[in-house]
2 protein chains.
Amino acid sequence: MSELENYIQSYFGVSKEEVSAISSMFQKVNLEKGEFFLKTGRYSERLGFVQAGVIREFVIINDKEVTKWISTKGYFVVDLSSFIFKQTARWNIQALTDCELFVINIDNYKEIGKTIPRWAELEKLFIAKCFTVLEDRVLTHLAMTAEERYLHLLAFNKELFQFVPLQYLASMLGMTPETLSRLRKKSVQ
Amino acid sequence: MSELENYIQSYFGVSKEEVSAISSMFQKVNLEKGEFFLKTGRYSERLGFVQAGVIREFVIINDKEVTKWISTKGYFVVDLSSFIFKQTARWNIQALTDCELFVINIDNYKEIGKTIPRWAELEKLFIAKCFTVLEDRVLTHLAMTAEERYLHLLAFNKELFQFVPLQYLASMLGMTPETLSRLRKKSVQ
DNA sequence: TTCATTTCTTGATATTTATCAAGAGGACGG
DNA sequence: CCGTCCTCTTGATAAATATCAAGAAATGAA
């Protein structure tokens, strides 16, 4: 089974046949470093699954790039508000390294629901899970200092620090690159 | 139509009959000021709709109350991770004023899906919408100062400042009550 | 109303984090 | 291998925010 199939299987708990049916609708897409999967203002009509590589979701606010999230193997990448509600995309999604994605377009995505009756239910559960993750993320900003947020990310997502330029992690953590640099130094000594 | 029915109608766009069927499963519950709708560690087996009053979701971290959100008329209150995934609740939900809620328990809630075939789809859309709202909230912490977050909340939710003790708004905005007090003073002068 | 309690404001100060500027270190193409 | 570009680090300083303490204002109960 591919990484994608493993993931679908383990997350959605559908039958082997259903996994195959779903995964067969995805197509492999390679992105080169720097290439965009989505740009702000366009429509997000594709859902991507990260098979390999690192990809960044960001938005430009007051001429500054603000990184919302960084996805690595096993994550889906999409602008949910655009994909689901057909609004213009709010996020840029750009490859930080060469990436290997499995991609499904919106039309094929809708087909899944026709072949798997309880698909909407599974989607609901998946999005609800994402919601609770975001709730936790908001909490980190309400109840933690910059240092605590850094240590928290380090504890739960250490590998990010091996592959992702620090400036992007700093932005995602809500601090400047200088501050992150100093916190890293501090935690080593 | 009650406030609840209006809301179901406008948000989920179901037929008049369906609205009635759904809303009839809710029961009116009054909460007195200070009373808890849910406590951390319990199970969230009820979904509430705020008909009147102000109700607060918070969690205690390091002996401090951290307010995640404050709901007024038209909001649903629930611990989603508990309601959907049957985990223990992470949030305390407490009435800040006397409240009038419409409440449905989890068993009746599941019945909705049996009578309205596309209910899972509607739930999915609703939760996805909530997700995008939280995405924006994360952005406010990545890209705004405390002052900007205050002005942003004031612009989009002015009425909160009329009904909600400032200490809770400060916590929800991720700042101390003293800082909020000073920002308010500053924006008046 | 009055008293007690809670909430809010204000001031002084400390801490955290941002900004600006410079330089060090790495990656990469030629 | 060299030079260029980009990223990261470091230092000096400024700005934002938190903390602590005290008093003022508002609230609620008797």
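Quick note on labels: first sequence line is chain A, next is B, and so on, each numbered from 1. Small disclaimer: the values here were computed from a predicted structure and weren't measured.
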Pairs where residues 158-182 of chain B contributes a residue and the test ring pair (Phe, Tyr, Trp, His ring centres under 6.0 Å) is met, not counting sequence neighbours |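 The answer is Tyr150(B)-Phe161(B).
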
To the nearest 0.5 Å, how far apart are CG in Leu139(B) and CZ in Phe58(A)?
-> 12.5 Å

Enter the distance from Asn157(B):CG to His152(B):NE2 here, rounded to the nearest 0.5 Å.
-> 10.0 Å

Mutual orientation of the aromatic rings belonging to Phe49(B) and Tyr7(B) [parallel < 30°, tilted 30-60°, perpendicular > 60°] | tilted

Relative to the ring of Phe26(A), is the ring of Phe76(A) parallel (under 30°), tilted (30 to 60°) or perpendicular (over 60°)?
->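 Aromatic pair Phe76(A)/Phe26(A) classed tilted.
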
When the distance from [atom1] of [X] to [atom2] of [N] is rounded to whole Å, what number comes out?
X: Arg184(B); N: dT17(D); atom1: CZ; atom2: P; result: 17 Å
X: Met175(A); N: dT19(C); atom1: CE; atom2: P; result: 13 Å
X: Leu183(B); N: dT17(D); atom1: CG; atom2: P; result: 7 Å
X: Glu32(A); N: dC28(C); atom1: CD; atom2: C1'; result: 16 Å
X: Leu180(B); N: dT9(C); atom1: CG; atom2: P; result: 8 Å
X: Lys185(B); N: dC8(C); atom1: NZ; atom2: C1'; result: 12 Å
X: Lys186(A); N: dT17(C); atom1: NZ; atom2: C1'; result: 11 Å

Should Leu122(B) and Phe83(B) be counted in the same cluster of Ile, Leu, Val, Met, Phe, Trp and Tyr side chains packed under 4.5 Å apart?
->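 Leu122(B) and Phe83(B): one cluster.
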
Axis deviation across the helix from dT1(C)-dA30(D) to dG30(C)-dC1(D), five-pair ends, to the nearest 10° | 50°

Who else is in the cluster with Val133(A) when I, L, V, M, F, W and Y are joined by side-chain contacts under 4.5 Å?
->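 Members other than Val133(A) - counting any ILVMFWY side chain reachable under 4.5 Å - there are none.
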
Could you report the tightest heavy-atom contact between [X] and [Y], atom names first, then the distance?
X: Ala128(A); Y: Leu80(B); answer: CB-CD2, 3.9 Å
X: Gly53(A); Y: Thr97(A); answer: CA-OG1, 3.3 Å
X: Ile70(B); Y: Met172(B); answer: N-SD, 3.6 Å

Contacts of Ser181(A) and Gly174(B) projected onto DNA chain D by closest heavy atom; the upstream (5') one is Ser181(A)

Find every protein N or O atom lying less than 3.5 Å from an N or O atom of nucleotides 27-30 of chain D, and list the pairs.
| residue | atom | partner | partner atom | Å |
| --- | --- | --- | --- | --- |
| dG28(D) | OP1 | Lys33(B) | NZ | 3.3 |

State whether a side-chain donor-acceptor pair under 3.5 Å links Tyr109(B) with Glu123(B).
-> yes

Between residues 135-166 of chain A and DNA chain D, which residues have a heavy-atom gap below 4.0 Å?
->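 Listed by number, they are Pro165(A), Leu166(A).
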
Verify side-chain hydrogen bond (donor to acceptor under 3.5 Å, both in side chains) between Arg56(B) and Thr67(B), making sure each step is shown before the conclusion.
-> CA-CA 7 Å; Arg56(B) 177 174 73 111; Thr67(B) 297; 3.0 Å; yes

For nucleotides 19-21 of chain D, which of its nitrogen or oxygen atoms have a protein nitrogen or oxygen under 3.5 Å away, and what is each distance?
| residue | atom | partner | partner atom | Å |
| --- | --- | --- | --- | --- |
| dT19(D) | O4 | Arg182(B) | NH1 | 3.4 |
| dC20(D) | N4 | Glu178(B) | OE2 | 3.1 |

Begin from the C-alpha positions of Arg90(A) and Asp136(B) and carry the test salt bridge (charged side-chain N to carboxylate O under 4.0 Å, His left out) through to its verdict.
-> CA-CA 10 Å; Arg90(A) 306 182 305 164; Asp136(B) 285 337; 2.6 Å; yes

